[in-house]
Asks: 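I have a structure I would like to understand better, so I am pasting it below and will then ask my questions one at a time.
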Amino acid sequence: SKETPHAGRSGSVSSPPFQAADYSQKIDVNPPKGTRDFPPEEMRLRNWLFQNFREVSQLFGFEEVDYPVLESEALYIRKAGEEIRDQLYCFEDRGNRRVALRPELTPSLARLVMQKGKSVPLPIKWFAVGQCWRYERMTRGRRREHYQWNMDIIGVPDVTGEAELISSIVTFFKRIGITARDVGFKISSRKVLQEVLSFYSVPETSFSKACIIIDKMGKIPLEEIKKELNSVELSTEAVDELLQVLSMKSLTELEEKLGAAGEAVSELKQLFSLAEKFGYSEWIQFDASVVRGLAYYTGIVFEGFDREGKLRAICGGGRYDRLLSTFGGDDIPACGFGFGDAVIIELLKERKLLPELPLEVENIVCSLDPDLQGAASSVATVLRGKGQVFKRAARINARRLILVGSSEWQRGMVSVKILSTGEQYEVNFDELG
Ligand SMILES: Nc1ccc(Br)nc1
């Protein structure tokens, strides 16, 4: 039935009461607007991508977790004017609870960490690959769901956390053939913004809102940015100074401006020094304009970008030391990133790096005589039981064709044909393994 938007919070659409299906006409066989099916070929590519997400996460000692796609809406009600709030896929359930399809995974992680409390030793190193949602008016024809890979480190207060997270993403890129010539990371810190604003005694409450406004730079006119910054109590002088600092692309320049004593400069210098040790210096650059669009970041922020500038941000993350206290918990230092499943595929297509993932079958068993269906089933069952044969089912194309013919079967034999060479021979059914 057509969605009839009812009154309610922005972005929430309540559908009419359940209507019995009308079988007189063919249903719409396409998935709901903004969502995707994953038929076999697309599913193989998705599994390949997620397998790389998982293997890199485990290489760095992270444990996999997951959470419900449906969460309490309260997890996402932040008052900083984020786009993620404006596009919340939220509704009232049949128990009159305000719920939402998760737009991101970090609030769920914070909720689970709080739930586990002291029972989980620190540092916590968790990763997840989960579907996230937004309700965007389809005027822009964009997707309403994507899968996000997240890695988070809880309980590490210094930038070694961020350095390790960026190293894990670099490791992932290298595994799939992406190099530092293809992508880079723009790195900054929200403490840059904080130190500038504190100089102009801007109230703390304006900080998150100012970050969200600045994240819109390049997406809306500069005059609009200035107006919105004035509206959250930044003076014209503070705005001009801020915009000047945000245009900086060198740490030396930033140090000359803010001095070496502040946390912003010292943490960034420490991170760039660690990057040398990790061996990924060529992948990163300082860019003061990076603030990211989530209200809860408090320190280092970074985003992966394609150097040709054709695509949206590939991934993004940073430090969020005060998220738990916004949920009424005790703060624990934390950092993490989100990595969507869509832009990276666009990038691999651009760079002709999509993997060949044909259907993979180890054996095809077929009976040449209708009366031998049962026999063929026995053969297939024996082969399936031989774990090691099917474990190698990841082989490209079927390697063998097992023929169950009546004359051979009467002698307890089956024919085996190696498809790549055409070689054919008989095997005793009892020795199939
Ligand atoms: N947060 C979010 C969710 C879903 C998509 Br598609 N993009 C962003």
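Here, residue 1 is the first one in the sequence, and each next residue gets the next number. Order of listing sets the numbers, starting from 1, for every ligand and every atom in it.
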Asks: Which heavy-atom pair separates Pro107 from Arg78 by the least distance, and what is that distance?
Replies: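 Of all heavy-atom pairs spanning Pro107 and Arg78, the closest is CG-NH1, 4.0 Å.
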
Asks: If you round to the nearest 0.5 Å, how far is SG of Cys132 from CD of Glu104?
Replies: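 With rounding to 0.5 Å, CD (Glu104) is 7.5 Å from SG (Cys132).
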
Asks: Indicate the ring-plane relationship of Tyr135 and Tyr89, choosing parallel, tilted or perpendicular according to the 30° and 60° boundaries.
Replies: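 The rings of Tyr135 and Tyr89 stand perpendicular, inter-plane angle above 60°.
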
Asks: Any atoms of ligand 1 less than 4.0 Å from a non-hydrogen atom of Pro103? List them with their elements.
Replies: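 In order of numbering, the contacting atoms are 1 (N), 2 (C), 3 (C).
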
Asks: Decide yes or no on salt bridge (charged side-chain N to carboxylate O under 4.0 Å, His left out) for Glu346 and Lys349, but give the supporting numbers first.
Replies: CA-CA 5 Å; Glu346 289 173 46; Lys349 281 178 185 158; over 6 Å; no

Asks: Specify side chain, backbone, both or neither for Glu104, according to which of its non-hydrogen atoms lie closer than 4.0 Å to ligand 1.
Replies: neither

Asks: Show the atoms of ligand 1 that are less than 4.0 angstrom away from any heavy atom in Cys132.
Replies: 3 (C), 4 (C)

Asks: Students should be able to answer this: which protein heavy-atom is nearest to atom 7 (N) of ligand 1, and at what distance?
Replies: Arg134 NH1, 3.4 Å

